[in-house]
Structures are given as structure tokens and as C-alpha cells.
Peer 1: 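Take this structure, written in C-alpha cells, and hold onto it; I'll ask about it next.
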Amino acid sequence: MASSSSFLLLATLLAVVSWQANASDPSPLQDFCVADMNSPGTFRFVIMFSPNTYVEINFWKLYASQYNFVKSELTCTSLVPPVRVNGLVCKNPMEVNADDFFKAANLDKPRMPNKVGSNVTLINVMQIAGLNTLGISIARIDYAPLGQNPPHTHPRATEILTVLEGTLYVGFVTSNQPAPNKNKFLSKVLNKGDVFVFPVGLIHFQFNPNPHQPAVAIAALSSQNPGAITIANAVFGSDPPISDDVLAKAFQVEKKTIDYLQAQFWENNHY
């Protein structure tokens, strides 16, 4: 009898908190999961049936105070510190409104390129909370004459780029191949209206070869938070710096060359 009531209590608890679950399944389990930017993460509540039998349930700290758990034949432990999830916790769907899916981003307006001659304006889940779990984001990229979006990768997204104005020389490099093969470089010159795809995780770049005219492109990425690793910045501008002994050996150059590169200011063109 005690066992039946224990599992009944557990089933009830699961039903109460399941609608607040974090969605990260590749197939949507609900209409949306608007990011709750005010949530510190999920909490674990552990129910002990016996010294060797227990169940852990994850739910929001935000709602933890709404539930009173009664000790009977169960041993209910206190809440354990937050568990971070792969993504952002869902906002209560009853509190969602149109502004959660909107941003006056002014992507029709040109941006001022920087030292490397480009400016990437990314709209991801940090700008539009409604993008959470939807697996998509967008960016406008402005290129000065002879400007470039330097070699970089997106660790979590494939990118599809469309040229809106001007001309771009673009390319990507494949992953390491079995010897004696080398990394293959694929490149193309794009004109207005052309489209090019950069596969997820591969090093790629865009360069405006025109010395007189700027260029503009729009990129769509297959993640609400694609991430970006600019190769030169990561290798030579990390904090703390990578040992110059390591980099000199890796690049097969003298240490003074590495020291010179590490002393430079490595511009971040992502805003």
C-alpha cells in the first residue's frame, strides 16, 4: 500500500511540473519555448523511496516555491543547486506575447565596418527570446571595399549566405583528411543575388575584392545560438595567451613571430 501511494505521489508531481519542461528535442514537442532570460536554470528535486531507490526531477527555481512536498513514507530532500541546461529555460507559455518574437533590428540600415573591414550584426536568441529551440538565426554582414569577414567557424550551425549588394569572394576548407590528402579548399566569386552554403563547423570566410564599392550580405544560420570562432583571434588573442612555444611549434615559425602576432589587437567584428 505504501509503495502504491508513493508512486501515485510521484506520478502527480511529474504531471504538475512536466508542462514546464525544457524543450531541446529535435522534433518540437510544443508550439514554442520562449527563453526565460530571468531564470537561473533548473533545480533538481530528489525523492528517496529507499536508501538505494530514488528519482530526480528537474524543474524551474521560479516555480519551486509553489509546491509543498509532504513527508510520509517518502524522504524528500531539499532542493539542490541549479542545473544548467543545453539552451535556455522556457518561459511560461501563458506569459508569452508578440514582443517575444520581435525585434526592431534595422537590418536595412548599413553598419560601419571596423579594422578588418566588416561588421556582422547577428540576431539570435539573445536578441529574440522566441528563437529559443527553433534552430535558426539571421545576420546582416557589411563589407567595406577590400574588407573581409576573416576565417572563422560556427561550431553549432550551417550558414547559407545571400549577396544583396556588390561582389564577394568566399570559400571554406574541409576537415583533416587521411594522409597523403590535404584539407580541400572550395571557393567561389558571388555576385548580387547569388547564394552559397558553409557547412557546420568548417573554417570559412568572405572577402570583398572591389576596392571602390562596399558589399552587403544576409546570412541564415541553423541554430538559435550558432557561435563564432574567429581563427586568428582565438589562436593569437586568447586570454590568457596560448604558450608561444606551442604556437611556434604548431606553425613552424620562430617564437618572435608568434610574440609579434600575440601583441596585436585582434578586432571582433561580431556585434
Side-chain angles (χ1 to χ4, degrees), residues 84 86 111-124 126 137 139-161 163 166-190 196-217 219 221-223 225-271:
R84 299 301 175 183
N86 183 20
R111 265 65 171 175
M112 181 67 68
N114 57 22
K115 182 178 177 181
V116 296
S118 67
N119 187 312
V120 179
T121 306
L122 175 66
I123 306 299
N124 64 6
M126 303 311 295
S137 55
R140 173 186 169 120
I141 312 169
D142 290 86
Y143 309 85
L146 300 180
Q148 65 170 308
N149 188 9
H152 63 282
T153 73
H154 299 295
R156 297 179 290 275
T158 290
E159 174 182 347
I160 182 167
L161 180 127
V163 179
T167 299
L168 290 176
Y169 171 57
V170 306
F172 67 85
V173 181
T174 64
S175 57
N176 295 355
Q177 305 298 309
N181 299 317
K182 297 183 178 180
N183 305 71
K184 188 172 184 179
F185 174 52
L186 297 93
S187 64
K188 193 79 174 173
V189 174
L190 307 181
F196 197 82
V197 174
F198 304 104
V200 58
L202 298 186
I203 298 173
H204 61 283
F205 69 90
Q206 302 104 37
F207 172 69
N208 178 10
N210 192 316
H212 306 293
Q213 297 295 327
V216 181
L221 300 109
S222 61
S223 171
N225 187 21
I229 303 171
T230 304
I231 307 305
N233 299 40
V235 173
F236 300 112
S238 66
D239 183 18
I242 300 172
S243 165
D244 55 2
D245 288 316
V246 172
L247 295 180
K249 185 73 171 179
F251 287 95
Q252 301 176 45
V253 297
E254 295 181 2
K255 283 174 57 175
K256 63 181 182 181
T257 302
I258 299 299
D259 294 338
Y260 170 79
L261 291 170
Q262 289 182 323
Q264 305 308 302
F265 174 73
W266 294 98
E267 184 81 44
N268 180 8
N269 67 331
H270 288 69
Y271 297 94

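This structure is a prediction, so every number in the text was calculated from the model and none was measured.
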Peer 1: Looking at side-chain heavy atoms only, is the closest gap between Y260 and F236 below 4.5 Å?
Peer 2: no
Peer 1: Ignoring hydrogens, what is the shortest heavy-atom contact between Y169 and V189? Give both atom names and the distance.
Peer 2: CD1-CG2, 4.1 Å
Peer 1: Distance check, rounded to the nearest 0.5 Å: K115 atom NZ versus Q264 atom CD?
Peer 2: 6.5 Å
Peer 1: State, to 0.1 Å, how close I242 and A234 come at their nearest heavy-atom pair, and which atoms those are.
Peer 2: CD1-O, 4.2 Å
Peer 1: Grab the two heavy atoms, one from N114 and one from S118, that are nearest each other, plus how far apart they are.
Peer 2: OD1-O, 3.0 Å
Peer 1: With side-chain contact (heavy atoms from CB on, under 4.5 Å) as the criterion, how do I141 and N119 come out once you've worked through the C-alpha distance, each side chain's angles and the decisive distance to 0.1 Å?
Peer 2: CA-CA 6 Å; I141 312 169; N119 187 312; over 6 Å; no
Peer 1: Mind running side-chain contact (heavy atoms from CB on, under 4.5 Å) on K184 and L186 for me, showing each step along the way?
Peer 2: CA-CA 7 Å; K184 188 172 184 179; L186 297 93; 4.1 Å; yes
Peer 1: Hey, are the side chains of T257 and F251 touching, using non-hydrogen atoms and a 4.5 Å cut-off?
Peer 2: no
Peer 1: Could you pull out the closest heavy-atom pair between F185 and F172, with the gap in Å?
Peer 2: CD1-O, 3.4 Å
Peer 1: Ignoring hydrogens and angles, state whether a donor on the side chain of N176 or N183 is under 3.5 Å from an acceptor on the partner side chain.
Peer 2: yes
Peer 1: Hey, can you pull the donor-acceptor pairs under 3.5 Å for the side chains in residues 207-217, sequence neighbours left out?
Peer 2:
from	atom 1	to	atom 2	distance (Å)
N208	OD1	N210	N	3.1
N208	ND2	A144	O	3.0
N208	ND2	Q213	O	2.8
N210	OD1	H212	N	2.7
N210	OD1	Q213	N	3.0

Peer 1: Check whether the side chains of T121 and R140 place a donor and an acceptor atom closer than 3.5 Å, and report yes or no.
Peer 2: no
Peer 1: For L202 versus V173, what's the shortest heavy-atom pair and its separation?
Peer 2: CB-O, 3.6 Å
Peer 1: Can you tell me if CD1 on I123 sees more than 12 non-hydrogen neighbours from other groups inside 6.0 Å?
Peer 2: yes
Peer 1: Measure the shortest side-chain to side-chain distance between L247 and V235 over non-hydrogen atoms and say whether it is less than 4.5 angstrom.
Peer 2: yes
Peer 1: Can you tell me how far CG of L122 sits from CG of L221, rounded to the nearest 0.5 angstrom?
Peer 2: 7.0 Å
Peer 1: Do T230 and E267 come close enough that some side-chain heavy atom pair is under 4.5 Å?
Peer 2: no
Peer 1: For residues 147-161, which side-chain N or O atoms pair as donor and acceptor with protein atoms under 3.5 Å away, sequence neighbours left out?
Peer 2:
from	atom 1	to	atom 2	distance (Å)
N149	OD1	N269	ND2	2.9
N149	ND2	Q206	OE1	3.0
H152	ND1	P150	O	2.7
H152	ND1	H204	O	3.4
H152	NE2	H154	NE2	3.4
H152	NE2	H204	NE2	3.0
H154	ND1	G227	O	2.8
H154	NE2	E159	OE1	3.0
R156	NE	N225	O	2.7
R156	NH2	N225	O	3.3
T158	OG1	V200	N	3.1
E159	OE1	H204	NE2	3.0

Peer 1: Are V170 and F198 packed together at the side-chain level, in the sense that at least one heavy-atom pair is separated by less than 4.5 angstrom?
Peer 2: yes
